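This one's a predicted model, so the numbers in the text were calculated from it and none came from an experiment. Letters A, B, ... mirror the listed sequences (proteins, then strands); counts begin at 1.
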Amino acid sequence: MTAKDENDRTSILNDARDSATSRDFIREIIDADLKVNKNNSRVHTRFPPEPNGYLHIGHAKSICLNFGIAKEYRGLCNLRFDDTNPSKEDVEYVESIQEDVRWLGFDWDDRRYYASDYFEQIYDYAIQIIEAGKAYVCDLSPDDTRQYRGSFTLPGKDSPFRNRSKEENLDLFTRMRAGEFPDGLRTLRAKIDMASPNINMRDPVMYRIMRAEHHRTGSAWCIYPMYDFAHPLSDAIEGITHSICTLEFEDHRPLYDWFLDQVTVACHSQQIEFARLNLSHTVMSKRKLLELVQEEHVAGWDDPRMPTLAGLRRRGYTPEAIRNFCETIGVAKRDSMVDIALLEHCIRQDLNKRALRVMAVLRPLKVVIENYPEGQVEELDAVNNPEDPGAGSRKVPFSRVIYIEQDDFRENPPPKYYRLAPGREIRLRYAYFITCTGVVKDDKTGDVIELRCTYDPQTRGGDAPDGRKVKATIHWVSAQHAVPAEVRLYDHLFTKANPLEDENADYRTYINPQSLEVLKNCFVEPCLAQAAYGSTYQFERLGYFCADPDTTKGKPVFNRTVTLRDEWAKVEKKQKG
RNA sequence: UGGGGGAUCGUCCAAUGGCAGGACACCAGACUCUGGAUCUGGCUAUCUAGGUUCGAAUCCUGGUCCCCCAGCCA
């Protein structure tokens with residue numbers, strides 16, 4: 001190696017260092033590998049989902065890690081479907097997975113692979129291992145296999161079929177493939193050590209007989225390789241240098257290495273394990289998410305309450321916010337539970353910069369401005385985004401009858417409540433100062449159903465020429481111009497930070513009964529009449545919302561992505577004890 | 001119980017023998033035509049007991065607690 005090469009690599013390393021916000025232990029391992037020119041200084045990762053469910057925010061962590069590392073080190077990251085168990089897998093999932101990875105902002109170019117692409121090669125490797133006397137066909141039933149495996153404290157016993165001849169093994173394995181035996185009758189097992197303290201090394205199953213329609217190979221195969229066998233070989237075939245997976249595979253690493261040591265491969269990838277993401281107030285296992293869908297606790301994989309990428313997307317989360325979240329939480333080996341407040345912070349931070357501000361009244365209270373001329377309409381200027389001068393401004397119609405938020409009026413205002421109350425003056429955003437002069441109540445219920453107010457014509461646009469101040473500014477919508485809308489208010493899916501914490505209670509008992517509140521009688525300002533699916537807005541003083549695909553021509557539907565931070569809510573909560 | 005991992009603010013991540021730092025959350029204040037945003041300040045942590053060292057979150061020894069593994073799932 002020349003001094004120039006050394007300098008080049010050093011500068012690449014430094015670039016990588018600069019572009020990363022912090023050096024996690026995985027990047028440190030890669031730095032060290034690069035320093036000794038391991039793998040000819042190549043960095044090649046892969047994201048290997050099993051197509052048996054939708055991707056969730058935990059996968060996003062892995063995607064950002066694998067694709068992110070590839071990008072930083074000027075390497076490559078493959079997308080590989082780990083489809084070795086056809087009984088659980090489906091094309092629906094391979095499609096959603098690709099959509100989600102792309103949406104998150106990552107690109108695998110032409111490197112979309114399937115473990116099933118390698119079935120023939122993996123089979124050949126199995127033959128090699130049998131020929132080397134390191135694998136055998138076992139006739140033990142699943143039950144007996146378990147019995148023979150022993151326990152944590154007891155060593156296993158050798159299978160009676162362990163010492164079959166190579167010829168017999170080859171013959172039997174060939175016939176397994178040929179479909180001569182029923183499902184589950186025999187397996188191919190690695191001959192390692194039934195007394196190993198690591199249970200994964202006690203002659204693990206390499207192939208099982210399973211007649212199931214595979215989403216890619218159809219019925220071409222009736223034997224399928226197990227993860228432990230297929231995964232290291234798939235990595236080797238693709239030339240993966242760093243095979244990043246989660247902590248539960250840590251004790252599989254000796255087996256990963258063992259398989260690669262039995263066969264001739266160009267590349268022996270290094271498996272590195274990190275802690276999977278746990279997020280408060282939700283669940284992350286695919287099995288539980290499937291249950292929530294199947295038992296109809298949610299409306300589907302893309303229900304905006306789900307931690308799936310499809311759900312978050314429909315909820316109004318942006319790829320940028322999710323990527324930023326993944327960067328912020330870091331990567332380490334200790335089990336942890338990230339507060340969902342951090343995810344919410346990330347989406348607020350992103351949407352604050354880009355979401356157009358509009359006015360929407362969710363729980364309308366009619367207000368008649370008595371001294372405002374009947375029939376008059378004014379077009380008032382409203383800023384689209386105070387954080388982004390380039391976003392410009394728009395006209396908002398104002399008239400004698402408007403709607404305000406029920407929550408913005410109190411007949412008997414508590415301490416520190418700054419909004420409208422009898423006799424009090426406040427500002428209508430971008431419009432006028434108004435003073436509440438009367439309250440109309442429902443005869444029967446006594447509920448406030450209408451407010452009578454007067455306005456000060458001198459305050460047009462929102463400023464008083466005499467310099468007087470008001471304590472509050474509230475949003476409003478002109479009644480005659482209002483567009484009816486449906487708004488879906490979402491909250492955490494679970495009431496408990498960790499729904500799995502209590503071993504005596506099913507996680508479903510902590511499903512938040514108020515995770516969805518549908519408001520069908522909302523009014524939004526006219527510019528929202530043709531809000532397109534996916535467009536995000538800040539409803540001023542309420543939160544960030546996005547148009548849902550359920551939107552129809554006459555009636556927009558909005559999902560609340562997240563509320564704004566709300567000081568008054570805190571004060572009120574404190575007052576109520 | 002055998003094996004594999006892990007313990008740092010309330011939460012997540014840094015500090016790689018040299019002033020325990022950042023983010024979120026929380027609290028207080030400033031500012032504000034969003035009780036938003038922004039700004040300022042504050043709070044709170046090295047699992048434990050010994051040892052090595054001028055100096056330990058970091059090294060050594062003992063203990064404690066937590067997570068994972070006994071699928072023909074991944």
Side-chain angles (χ1 to χ4, degrees), chain A residues 21-24 28 48-50 52 82 84-85 87-89 138 140-142 145-146 149-156 183-189 196-202 204-210 223-224 226-228 230-231 245-254 273 275 277 280 286-287 328-346 348-349 352-353 357 359 382-383 386-387 416-419 427-431 433 459 461-463 469-475 497 538-543 563-572:
Chain A
T21 50
S22 72
R23 296 266 97 190
D24 54 71
E28 280 176 359
E50 184 188 14
N52 68 344
D82 218 334
T84 57
N85 184 0
S87 67
K88 292 185 174 178
E89 297 155 6
C138 181
L140 250 24
S141 69
T145 305
R146 195 180 320 120
R149 188 155 33 225
S151 70
F152 289 151
T153 43
L154 260 30
D183 286 9
L185 189 74
R186 297 191 221 264
T187 55
L188 180 71
R189 293 227 257 161
S196 172
N198 180 346
I199 290 178
N200 294 297
M201 300 299 270
R202 319 242 259 230
V205 172
M206 295 165 65
Y207 269 93
R208 73 283 215 187
I209 304 172
M210 184 191 327
I223 57 172
Y224 291 95
M226 300 289 289
Y227 166 87
D228 283 317
H231 204 88
C245 64
T246 42
L247 248 33
E248 68 271 26
F249 293 103
E250 218 154 12
D251 350 304
H252 294 237
R253 195 186 330 129
E273 311 85 9
L277 169 66
S280 74
K286 279 199 227 176
R287 198 199 91 228
T328 306
I329 58 176
V331 180
K333 293 196 71 156
R334 76 182 88 117
D335 300 302
S336 61
M337 165 86 65
V338 175
D339 193 333
I340 201 167
L342 181 60
L343 216 210
E344 293 169 349
H345 162 79
C346 290
R348 284 193 189 102
Q349 182 178 259
N352 176 49
K353 288 178 300 189
R357 271 60 169 175
M359 292 194 286
V383 175
E387 300 295 316
K416 294 197 179 165
Y417 183 87
Y418 304 147
R419 284 110 94 151
R427 172 168 40 231
L428 293 176
R429 177 136 236 229
Y430 300 126
F433 285 13
T459 59
D463 285 306
K469 301 284 183 204
V470 286
K471 290 278 267 186
T473 299
I474 67 173
H475 60 277
Q538 185 195 102
F539 289 1
E540 293 218 25
R541 303 206 305 130
L542 298 174
T563 61
L564 253 27
R565 286 182 60 217
D566 188 348
E567 287 293 322
W568 165 243
K570 282 183 195 168
V571 173
E572 195 178 30

Phosphate OP1/OP2 of B:C13: any A:Thr328 side-chain N/O under 4.0 Å: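 So the side-chain polar atoms of A:Thr328 never come under 4.0 Å of the phosphate oxygens OP1 or OP2 of B:C13.
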Short side-chain N/O contact to B:U34 OP1/OP2 from A:His475, under 4.0 Å: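 Looking at the OP1 and OP2 atoms of B:U34, neither is under 4.0 Å from any side-chain N or O of A:His475.
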Under the ring-ring contact (aromatic ring centres under 6.0 Å, His included) test, residues paired with A:His475 that sit two or more places apart: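 A:His475: no ring-ring contact (aromatic ring centres under 6.0 Å, His included) contacts found.
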Listed nucleotide nearest any side-chain atom of A:Lys570, set B:C26, B:C12, B:U34: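 Closest nucleotide to the A:Lys570 side chain: B:C26.
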Of the listed nucleotides B:C12, B:A25, B:A14, the one nearest the side chain of A:Ala341: B:A25
5' precedence on RNA chain B between A:Lys469 and A:Ala275 (nearest-nucleotide basis):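 Whichever sits nearer the 5' end wins; that is A:Ala275.
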Nearest-nucleotide comparison on RNA chain B, the residue closer to the 5′ end among A:Arg427 and A:Leu564: A:Arg427
Salt bridge (Lys or Arg N to Asp or Glu O under 4.0 Å) involving A:Arg427 - partner list, sequence neighbours excluded: none
Where RNA chain B forms stems, i.e. three or more consecutive Watson-Crick or G-U pairs with both distances under 3.5 Å: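 In RNA chain B, stems of three or more pairs: B:2-7 with B:64-69, B:10-13 with B:21-24, B:26-30 with B:38-42, B:47-51 with B:59-63.
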Between protein and nucleotides 5-7 of chain B, what N or O pairs are separated by less than 3.5 Å?
| residue | atom | partner | partner atom | Å |
| --- | --- | --- | --- | --- |
| B:G5 | O2' | A:Glu250 | OE1 | 3.2 |

B:U64 to B:U48 separation - P atoms, rounded to the nearest Å: 15 Å
Please enumerate all protein N or O atoms sitting under 3.5 Å from an N or O of nucleotides 37-48 of chain B, with distances to 0.1 Å.
| residue | atom | partner | partner atom | Å |
| --- | --- | --- | --- | --- |
| B:A37 | OP1 | A:Arg565 | NH1 | 3.4 |
| B:A37 | OP2 | A:Arg565 | NH1 | 3.2 |
| B:A37 | O2' | A:Asn352 | ND2 | 3.3 |
| B:A37 | O2' | A:Glu387 | OE1 | 3.2 |
| B:A37 | O2' | A:Glu387 | OE2 | 2.9 |

Contact pattern, 5' to 3', of nucleotides 69-74 of chain B - B, S or - by protein heavy atom under 4.0 Å: BBSBBB
